[in-house]
Amino acid sequence: MPAEHTAAKPAAAYPGHPTFPVRNPATGAVVDQVRDHSAQEAAAMVDAAQAGFRTWRATSPRHRSEVLMAAYRGMQEQAERLRDLIVAENGKSQADAAAEVNYASEFFRWYAEEAVRTPGDYTEAPAGGVRNVVTRHPVGVAVLITPWNFPAAMATRKIGPALAAGCSVLLKPASETPLTAFAIAEILTQAGVPEGVVQVAASSSASRVVTAWLADDRVRKLSFTGSTGVGRRLLAQCAERVVNTSMELGGNAPFIVTSGADLDAAVDGAMLAKFRNGGQACTAANRFYVHQDVLGEFTEKFGARIAALRVGDPAEGADIGPVITEHAAEQIRGLVQGAVEQGAVIAAQAPLPEGMNPAFLAPTMLTGVPVDAEILREEIFGPVAPVVAWTDLDAVIELANAAEVGLSAYVYAGKLQTAMQIAERLEAGMVGVNRGIVSDPSAPFGGVKQAGIGREGGSFGMEEFTEVQYMSVDWS
Ligand code: NAP
């Protein structure tokens with residue numbers, strides 16, 4: 001079982017089994033074929049996962065730590081191969097893909113270090129005599145579901161803590177980007193992860209595989225990263241068997257610039273927060289609120305940087321590749337069109353080379369966007385930056401918080417005191433203060449409101465894969 005579930009092979013390797021193609025979004029070319037798992041195959045994988053769990057949880061924390069450290073080194077050694085795979089199946093720039101591989105590998109290193117530091121507790125009950133001994137145990141077989149926008153990092157951010165805690169995992173990567181997940185599973189096998197502990201199932205029907213897994217009593221955990229809509233459906237499914245869940249869902253990040261901000265730093269931060277991965281990040285700045293007094297200078301500098309972005313095939317070194325599908329591009333064009341119809345102006349745009357397929361979009365800055373425009377309510381997930389002017393701080397904070405999701409937010413203010421005061425009032429799980437990026441393996445990543453439940457990264461990430469047991473001990 002494990003070899004076929006941890007290695008992506010061409011269709012010829014699966015005689016008699018259905019496969020589906022993985023396409024390069026920049027060229028439309030087929031990168032590879034992957035096995036299309038049936039519900040029966042998915043169900044059978046739980047047997048191996050349960051056996052793997054028994055083996056793995058019995059290993060010492062030090063052993064698990066060393067295996068994860070070997071996987072970290074394996075990813076570093078294979079960094080170029082992984083980068084090229086991400087570029088081919090996801091379409092992000094080479095620089096973004098290389099940064100992702102490094103970020104993703106760091107989750108293995110971080111959780112190699114955390115594996116040997118599982119905390120416990122010991123207290124005397126207030127009435128005396130009785131002691132409370134609190135320990136943590138691996139939650140069990142964990143289902144992991146990941147999106148296409150960070151094919152490596154979203155997988156390692158879950159696999160790292162799960163393995164450190166002693167769980168086995170069943171990973172369902174996005175159908176657009178399964179190849180990176182298979183490559184990481186291979187690296188884990190080479191690092192010494194035993195059979196059945198990490199299994200990957202690609203599928204042309206996500207619900208077919210995931211429903212088979214979640215129906216099995218031996219599956220005790222779901223860790224999902226993806227859209228809020230799919231997250232809601234999975235939460236309902238998990239309610240059936242009261243499965244432990246962690247949810248990393250959608251974002252709609254505000255980016256606030258005050259009149260006292262260092263505008264060069266703010267523009268650097270805006271470029272990173274908006275155009276990393278071509279805007280296809282859950283943490284992407286979605287709405288720019290810039291103080292009226294600095295609006296002209298900020299938009300001039302930001303617009304010039306956007307106009308200089310090079311759009312094209314990332315394999316040939318472009319800064320901005322396509323968005324993931326033509327359908328996604330069509331939806332983003334619709335949001336821009338809608339904003340323009342409501343009075344917004346396309347104030348800056350990068351040139352779109354001739355002959356690009358319809359999944360390519362010109363990076364765009366919109367100004368004069370009305371505060372009720374649909375583009376400010378929807379997660380754009382593409383290289384479009386809507387800018388809104390503000391004058392009243394209370395009003396702009398209210399606008400920033402007027403979203404059903406609260407994943408990340410950004411604040412640029414001259415005085416750190418002002419920035420911190422604003423940050424504390426924002427309904428967001430993560431705030432970049434004078435920074436355009438918040439992702440860090442050592443920090444708790446996650447959102448409030450409908451952006452999710454739980455945290456990944458840091459010591460918090462490992463708690464999600466453990467259960468607390470308390471023993472009431474008569475000491476007298
Ligand atoms: P998506 O459509 O929700 O898909 C995410 C994953 O769920 C994919 O593997 C998908 O499989 C699977 N899936 C879809 N329907 C399912 C179902 N009924 N049952 C079980 N699994 C199902 O999201 P996406 O478009 O890939 O990713 C973009 C979204 O992810 C954005 O909203 C973004 O904000 C969010 N995101 C959040 C974070 C975070 O940490 N908070 C990080 C990255 C992305 P298929 O590919 O086979 O459909």
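Bear in mind the structure is a predicted one, so any value in this text is a computation, not a measurement. Just so you know, these numbers use all the heavy atoms, side chains as well, and skip hydrogens, waters and symmetry mates. In each ligand, atom 1 is the first atom listed, and ligand 1 is the first ligand listed.
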Below 4.0 Å from any atom of ligand 1, is there a heavy atom belonging to W148? yes
One residue to check: P173. Relative to ligand 1, which of side chain, backbone, both or neither has a non-hydrogen atom less than 4.0 Å away? backbone
Nearest non-hydrogen contact to atom 45 (P) of ligand 1 from the set K172, M154, E176 belongs to K172
Hey, which atoms in ligand 1 end up nearer than 4.0 Å to a heavy atom of F381? 28 (C), 31 (C), 33 (C), 34 (O)
With only distance considered, is R233 within less than 3.5 Å of ligand 1 through an N or O on each side? no
Locate the shortest heavy-atom distance separating L407 from G250; write the atom from each residue and the value. CB-O, 4.0 Å
Using a distance-only test with no angle check, is there a side-chain donor-acceptor pair under 3.5 angstrom linking T177 and E89? no
Close aromatic pair by centroid cut-off 6.0 Å: W148 and F381: yes
Locate the shortest heavy-atom distance separating R23 from G28; write the atom from each residue and the value. NH1-O, 3.1 Å
How close do A162 and V169 get, counting heavy atoms only, and between which atoms? CB-CG1, 3.5 Å
Give a yes or no on this: more than 12 heavy atoms of other residues, nucleotides or ligands lie within 6.0 Å of atom OH of Y103. yes
Please state which option from L234, L407, T283, L214 has its nearest heavy atom closest to atom 19 (N) of ligand 1. L234
Are Y72 and F108 an aromatic pair, judged by ring center distance below 6.0 Å? no
Which of the listed options, S203, G229, S175, P151, holds the heavy atom that is closest to atom 48 (O) of ligand 1? S175
Do T146 and ligand 1 have an N or O pair less than 3.5 Å apart? yes
Winner among V143, V230, T211, V405 once heavy atoms are compared against atom 14 (C) of ligand 1: V230
Please state which part of R208 comes within less than 4.0 Å of ligand 1, counting heavy atoms only: side chain, backbone, both or neither. neither
Of the listed options A253, A174, S205, C282, closest to atom 38 (C) of ligand 1 (non-hydrogen atoms): C282
Measuring from atom 35 (C) of ligand 1, which candidate in G452, G226, A281 has the nearest non-hydrogen atom? G226
Mind checking whether N149 contacts ligand 1 via backbone (N, CA, C, O), side chain (CB onward), both or neither, at a 4.0 Å heavy-atom cut-off? side chain
Run the contact test for E456 against ligand 1 with a 4.0 Å cut-off on heavy atoms, strictly below, and give the result. no
Going by atom types alone, do T228 and Q450 pair a side-chain donor with an acceptor below 3.5 Å? no
Is there a donor-acceptor pair closer than 3.5 Å between any side-chain N or O of N357 and the backbone N or O of A26? yes
With a 4.0 Å cut-off, strictly under, does atom 4 (O) of ligand 1 pick up any protein heavy atom? no
Among A153, A206, G251, S227, the residue with a heavy atom nearest to atom 23 (O) of ligand 1 is S227
Only heavy atoms of P147, strictly under 4.0 Å: list the atoms of ligand 1 that pass. 26 (O), 27 (O), 43 (C), 44 (C)
Could R109 and E106 be called an ion pair, given the rule that one side-chain N must be under 4.0 Å from one carboxylate O? yes
